[in-house]
J.: 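Got a structure for you, questions after.
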Amino acid sequence: MTVLVTGGAGYIGSHTVQELLKTGHKVAVYDNLSTGHGWAVPQDVPLIKADIADRLVLTEVLRNYEVEAVVHFAASSLVGESMTQPAKYYRNNVAGTLSLLETMQECGVKQMVFSSTAAVYGEPEAWPITEEMPLAPTNVYGRTKLVIEGMLKDFAAAYDLRYVSLRYFNAAGALAGGGIGEDHNPETHLIPLILQTAHGRRPQIDIYGTDYPTADGTCVRDYIHVTDLAAAHVLALKHLAGGGAPKVYNLGSETGFSVQEVIEKAKEITGIDFPVREAARRSGDPAVLVASAARIRQELDWKPVYSSLDRILRSAWVWETR
Ligand code: UFG
């Protein structure tokens, strides 16, 4: 019995593959390598280079590998790009997932762990954010993930699909011991951009907005170590394997840090005083996003281990300077 990881050559997907192997699962990766990296998949793990919309290949893979559960990361995930190329996001994310779910159904595969996002909440009015809060995404990326959550719910009711949807806050950090880490092109995320600046690969880091209603005026986010995220997928699979009902969980460290605080901590850890520039707000950024992860802590006994800002930055710095 195999776990199929779609998007397993991507950042969070490849760290989840590591965690699945560590916990004794048989794994196959399915990735079209449009943004993922072949080098991020261990040599002894089968890598099928194909698109989730390719039902012939997918059917063959689900049958040949006797896939029991799918961990579904494959998606387009740039918020800014989603606003200018919505068709790409509806095609890859919504239509791609529909195709995947229908193929799974045909092949009798009934378990899915789905990669969702805090972007489904939009601009929340209170913190910490619980799963019951209003779902009002402010960008196309978040809307596609919310549509998929609805699709999962409907498939569960009609066709006995069982799923766990994980709403990630800000994934960061890299695998201890190196080998894999965050490598997007273009890079848009705060922590890798800060560390690339410290490393001299960028002239400065821009702070997008210093007039937010927060203590120091910069945006506050909940950074969660990618290995802690990965571990939650393994717990979600265990829940499903034990016959567990469909669930939706937030995944965050439950602690917020401002952009300014992350920069200060990065300066301390790297010992480098890199240039910082105050810039205009980036459109669509909520002031504060901090999770309540009480539900997954209580129900699946998930415990973040690596998610202090210190450990996140240290592991990401090892990766950056590898
Ligand atoms: N930021 C800067 N300068 C930069 C880059 C980012 O100040 O050069 C700021 C952003 O304005 C934001 C914070 O740093 O306040 C974090 O930005 P990221 O781009 O790293 O992450 P986001 O919070 O925008 O996005 C994350 C995930 C998305 C997800 C979103 C949910 O990466 O996939 O949370 O809101 F959709």
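Heavy-atom basis, side chains included; hydrogens, waters and symmetry copies ignored. Numbering of ligands and ligand atoms starts at 1, following listing order. Treat the numbers as computed from the prediction; the structure is a model and nothing was measured.
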J.: Which residue supplies the protein heavy atom nearest to atom 31 (C) of ligand 1, what is that atom called, and how far is it?
T.: Ala119 N, 3.5 Å

J.: Which of these, Tyr208, Tyr141, Phe257, Phe169, has its nearest heavy atom closest to atom 4 (C) of ligand 1?
T.: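 Checking each option, the heavy atom nearest atom 4 (C) of ligand 1 is found in Tyr208.
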
J.: If you count heavy atoms of other groups shown closer than 6.0 angstrom to NZ of Lys153, is the number above 12?
T.: no

J.: Spell out, as yes or no, whether a donor-acceptor pair under 3.5 Å connects the side chain of Asn250 to the backbone of Ala293.
T.: no

J.: Any donor-acceptor pair under 3.5 Å linking the side-chain atoms of Thr218 with those of Asp216?
T.: yes

J.: Tell me which part of Val79 gets within contact of ligand 1: side chain, backbone, both or neither, using heavy atoms under 4.0 Å.
T.: side chain

J.: Mind telling me whether His37 and Trp39 have parallel, tilted or perpendicular rings, with 30° and 60° as the class edges?
T.: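 Correct class here is parallel.
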
J.: Give me the residue, atom name and distance of the protein heavy atom closest to atom 22 (P) of ligand 1.
T.: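 Checking every protein heavy atom, the shortest distance to atom 22 (P) of ligand 1 gives Asn170 ND2, 3.5 Å.
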
J.: For Ile207, counting its heavy atoms only, list the atoms of ligand 1 lying under 4.0 Å from any of them.
T.: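 Near Ile207, the atoms of ligand 1 are 7 (O).
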
J.: State whether a side-chain donor-acceptor pair under 3.5 Å links Thr117 with Arg167.
T.: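 Thr117 vs Arg167: no donor-acceptor pair found between side chains.
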
J.: Could you tell me how the ring of His233 sits relative to the ring of Phe73: parallel (under 30°), tilted (30 to 60°) or perpendicular (over 60°)?
T.: tilted

J.: Among all protein heavy atoms in this structure, tell me which lies nearest to atom 30 (C) of ligand 1, with the distance rounded to 0.1 Å.
T.: Thr117 OG1, 4.4 Å

J.: Just to verify, which of Glu102, Lys145, His72 counts as forming a side-chain hydrogen bond (donor to acceptor under 3.5 Å, both in side chains) with Thr97?
T.: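 Single side-chain hydrogen bond (donor to acceptor under 3.5 Å, both in side chains) partner of Thr97 among Glu102, Lys145, His72: His72.
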
J.: Show the atoms of ligand 1 that are less than 4.0 angstrom away from any heavy atom in Thr188.
T.: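 Those qualifying, in numeric order: 5 (C), 19 (O).
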
J.: List the closest protein heavy-atom neighbour of atom 9 (C) of ligand 1: residue, atom name, distance to the nearest 0.1 Å.
T.: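 For atom 9 (C) of ligand 1, the nearest protein heavy atom comes out as Val259 CG2, 3.8 Å.
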
J.: Any idea which atoms of ligand 1 are less than 4.0 Å away from a heavy-atom of Cys219?
T.: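 This gives 15 (O) as the contact atoms.
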
J.: Can you report which non-hydrogen protein atom sits closest to atom 35 (O) of ligand 1, along with the distance?
T.: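 Answer, as residue, atom name and distance: Leu289 CD1, 3.3 Å.
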
J.: Under 6.0 Å from the CD atom of Glu123, do we count more than 12 heavy atoms belonging to anything else shown?
T.: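 Atom CD in Glu123 is packed in, count exceeds 12.
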
J.: Any chance you could lay out the salt bridge (Lys or Arg N to Asp or Glu O under 4.0 Å) test for Asp160 and Arg162, step after step, and finish with the verdict?
T.: CA-CA 6 Å; Asp160 73 358; Arg162 287 181 306 109; over 6 Å; no

J.: Suppose I only count heavy atoms of Asp206 and a 4.0 Å limit; which atoms of ligand 1 are within that range?
T.: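 What qualifies from ligand 1 is 2 (C), 3 (N), 4 (C), 7 (O), 8 (O).
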
J.: Quick check: do Lys247 and Tyr163 have side-chain heavy atoms less than 4.5 Å from each other?
T.: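 SC-SC contact between Lys247 and Tyr163 ruled out.
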
J.: So which heavy atom in the protein is nearest atom 19 (O) of ligand 1, and how far is it from that ligand atom?
T.: Arg282 NH2, 3.0 Å

J.: Below a 4.0 angstrom heavy-atom separation, can you tell me which part of Ile191, side chain or backbone, both or neither, approaches ligand 1?
T.: neither

J.: Quick one: which of Leu193, Thr138, Asp285 has a heavy atom closest to atom 8 (O) of ligand 1?
T.: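 Looking at heavy atoms only, the winner is Leu193.
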
J.: Report the part of His189 in contact with ligand 1, treating N, CA, C, O as backbone and CB onward as side chain, heavy atoms under 4.0 Å; options are side chain, backbone, both, neither.
T.: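 Both backbone and side chain.
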
J.: Starting from atom 16 (C) of ligand 1, locate the nearest protein heavy atom and write down its residue, its atom name and how far away it is, to 0.1 Å.
T.: Tyr223 OH, 3.7 Å

J.: If you measure every N or O of Leu190 against every N or O of ligand 1, does any of those distances drop under 3.5 Å?
T.: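 N/O-N/O distance under 3.5 Å: yes.
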
J.: With the threshold set at 4.0 Å, does a side-chain nitrogen-carboxylate oxygen contact exist between Lys49 and Asp31?
T.: no

J.: Can you list the atoms of ligand 1 that are under 4.0 Å from a heavy atom of Ile205?
T.: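 Within the 4.0 Å cut-off of Ile205, ligand 1 contributes 8 (O).
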
